[in-house]
Protein chains: 2
Amino acid sequence: MNNLLFDFISKYISLTEEEKSAIISLDLFRSVKKGTILLEEGQRTKNSYFVLKGCIRTYYVIDSEEKTTAFYTEMEALTPPCVVSKTPSEYYVSCIEDSILLVSNSDMEAEVNSKFPKFDIMCRMLSEELLAKERIDFDEFKTSSPEQRYLNLLQKRPDLIQRVPQHQLASYLGIQPQSLSRLRARILEKKS
Amino acid sequence: MNNLLFDFISKYISLTEEEKSAIISLDLFRSVKKGTILLEEGQRTKNSYFVLKGCIRTYYVIDSEEKTTAFYTEMEALTPPCVVSKTPSEYYVSCIEDSILLVSNSDMEAEVNSKFPKFDIMCRMLSEELLAKERIDFDEFKTSSPEQRYLNLLQKRPDLIQRVPQHQLASYLGIQPQSLSRLRARILEKKS
DNA sequence: ACATCTCGTTCACTAAAGTTAAGAAAGACG
DNA sequence: CGTCTTTCTTAACTTTAGTGAACGAGATGT
């Protein structure tokens with residue numbers, strides 16, 4: 001697990017052995033069972049999550065319906081907006097597979113960053129990269145139909161379609177579960 | 001103009017007079033005429049933009065149709081994804097009002113940041129904040145209908161509806177211009 | 001002043017998504 | 001093993017968005 005993390009970090013900065021052991025000594029890894037709710041609406045938190053294995057999702061409850069808006073799988077990081085804005089969370093975060101997560105909190109990050117300014121650089125690079133990715137995803141979403149979005153997902157994250165329940169996928173695609181079923185039937189029809 | 005910029009920066013870090021004059025000496029301000037294309041599809045650039053006055057938009061050309069995905073107005077910053085990924089741009093950036101922009105390039109930023117590490121911190125805070133904002137916008141988009149998105153925009157950025165052409169607004173809302181017209185008529189009907 | 005072009009709106013029609021309801025299939029649990 | 005629940009699918013119907021075409025208003029250019 002440590003190696004997975006260090007391989008990831010090495011894409012941005014290089015670490016000395018001393019820095020590596022400083023990270024290990026923080027004891028950040030957590031095993032989390034499927035179904036665990038990591039963050040609830042209205043709750044305040046300083047925690048960020050990095051998925052080493054498994055999958056977590058973010059969802060809102062609107063009119064007592066769950067609306068899933070994002071999935072985070074292996075080597076993906078989530079810092080909930082409420083951590084940045086220091087306000088109560090607008091959404092839930094839950095674990096949809098047995099997972100191994102790295103859980104860090106912003107106070108601790110600030111401390112580490114002041115000791116190792118390198119980390120600030122890495123955080124900056126990471127969030128710039130994530131912002132660019134998020135914008136492109138958003139743009140693709142805006143400029144395509146539900147059917148195109150599904151086909152696009154099939155290309156880019158085929159694993160998600162296997163490991164995630166359909167009704168969660170549906171709201172991730174911005175549609176109703178029934179529409180997703182129909183849309184998939186339509187696609188199969190076209191192929192034949 | 002300098003004051004607008006320094007007020008903005010002061011939300012993140014505090015600057016000494018020396019640092020301020022270092023920034024001014026970089027001579028970053030540009031007056032840009034309405035209609036100017038700042039970035040074209042396929043082009044490589046290292047430029048980021050900060051809008052002091054006016055409005056710029058990003059758009060794709062898909063099937064020879066313009067698809068507008070974002071607007072940036074006063075005190076908003078745009079670093080195109082292609083600057084981060086160092087690849088040719090996937091979209092166009094154009095100026096839709098006579099504007100005053102701050103144009104910086106990533107080489108210069110790197111130089112300034114190494115001289116004043118404070119700036120790295122600010123960039124990090126800024127991109128974390130923007131990422132959080134982008135995620136929330138995306139989530140709202142996913143979880144609402146075109147009509148709700150329009151009403152939402154009316155609440156949050158009423159100025160945009162005034163200053164931006166309808167057909168650009170339409171694709172910003174992820175729909176066709178005709179649908180936006182119809183949708184607006186529908187809303188007016190409901191009110192009466 | 002005239003022709004041209006762009007933009008916004010409207011209309012009729014088609015296609016797709018929302019909604020409500022019902023039933024089948026798969027899982028969870030005692 | 002059967003029961004209960006959740007998940008997925010299908011269907012009928014309603015609502016809304018996409019599409020193609022047409023029109024008028026306003027801007028642009030010569």
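Numbers restart at 1 for each chain; the letters A, B, ... are given by sequence-line order, proteins then strands.
B/T16 and B/E19 share a side-chain donor-acceptor pair at under 3.5 Å. A donor atom on one side chain and an acceptor atom on the other are found under 3.5 Å apart for B/T73 and B/R157. Counted by atom type alone, B/Y150 and B/R184 present one or more donor-acceptor pairs between their side chains at under 3.5 Å.
Note: CG (A/D63) to P (C/dT19) measures 10 Å, nearest angstrom. One atom, CD of A/E189, and another, P of C/dA16, lie 11 Å apart when rounded to the nearest Å. What separates CZ of B/R149 from P of C/dG18 is a distance of 10 Å, to the nearest Å. The distance between atom CD1 of A/I96 and atom P of D/dT6, rounded to the nearest whole Å, is 17 Å. In this structure, B/K142 places its NZ atom 17 Å from P of C/dA17, rounding to the nearest Å. Note: CD (A/Q148) to C1' (C/dA17) measures 15 Å, nearest angstrom.
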* Asked: Using a cut-off of 4.0 Å between protein heavy atoms and nucleotide atoms, how would you tag nucleotides 8-21 of chain D 5' to 3' with B, S and -?
  -> SBB-B---SBBBB-
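Relative ring orientation between A/Y60 and A/Y91 is described as perpendicular, the plane-to-plane angle rising above 60° on a 0-90° scale split at 30° and 60°. The aromatic rings of A/F141 and B/F141 sit perpendicular to each other, their planes meeting at more than 60°, with 30° as the lower class boundary.
The side chain to side chain donor-acceptor pair (under 3.5 Å) pairs that include a residue from residues 41-50 of chain A are A/K46-A/D107, A/S48-A/T79, where partners are two or more places apart or lie in different chains.
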* Run the numbers on A/H167 and A/L180 for side-chain contact (heavy atoms from CB on, under 4.5 Å), then give the verdict. => CA-CA 8 Å; A/H167 65 282; A/L180 178 55; over 6 Å; no
* Verify salt bridge (charged side-chain N to carboxylate O under 4.0 Å, His left out) between A/K133 and A/E128, making sure each step is shown before the conclusion. => CA-CA 9 Å; A/K133 213 180 278 175; A/E128 281 179 355; over 6 Å; no
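Checked against side-chain hydrogen bond (donor to acceptor under 3.5 Å, both in side chains), B/T143 has no partners two or more places apart in sequence or in another chain. The side chain to side chain contact (heavy atoms under 4.5 Å, CB included) search around A/S145 returns A/E147, A/Q148, not counting sequence neighbours.
Five base pairs at each end of the helix from C/dA1-D/dT30 to C/dG30-D/dC1 define two local axes, and these are offset by 50° (rounded to 10°).
B/V164 pairs in a side chain to side chain contact (heavy atoms under 4.5 Å, CB included) with only one of the listed residues (B/Q162, B/Q168, B/Q166), which is B/Q168.
Residues from residues 31-41 of chain A lying near DNA chain C, meaning a heavy-atom separation below 4.0 Å, are absent.
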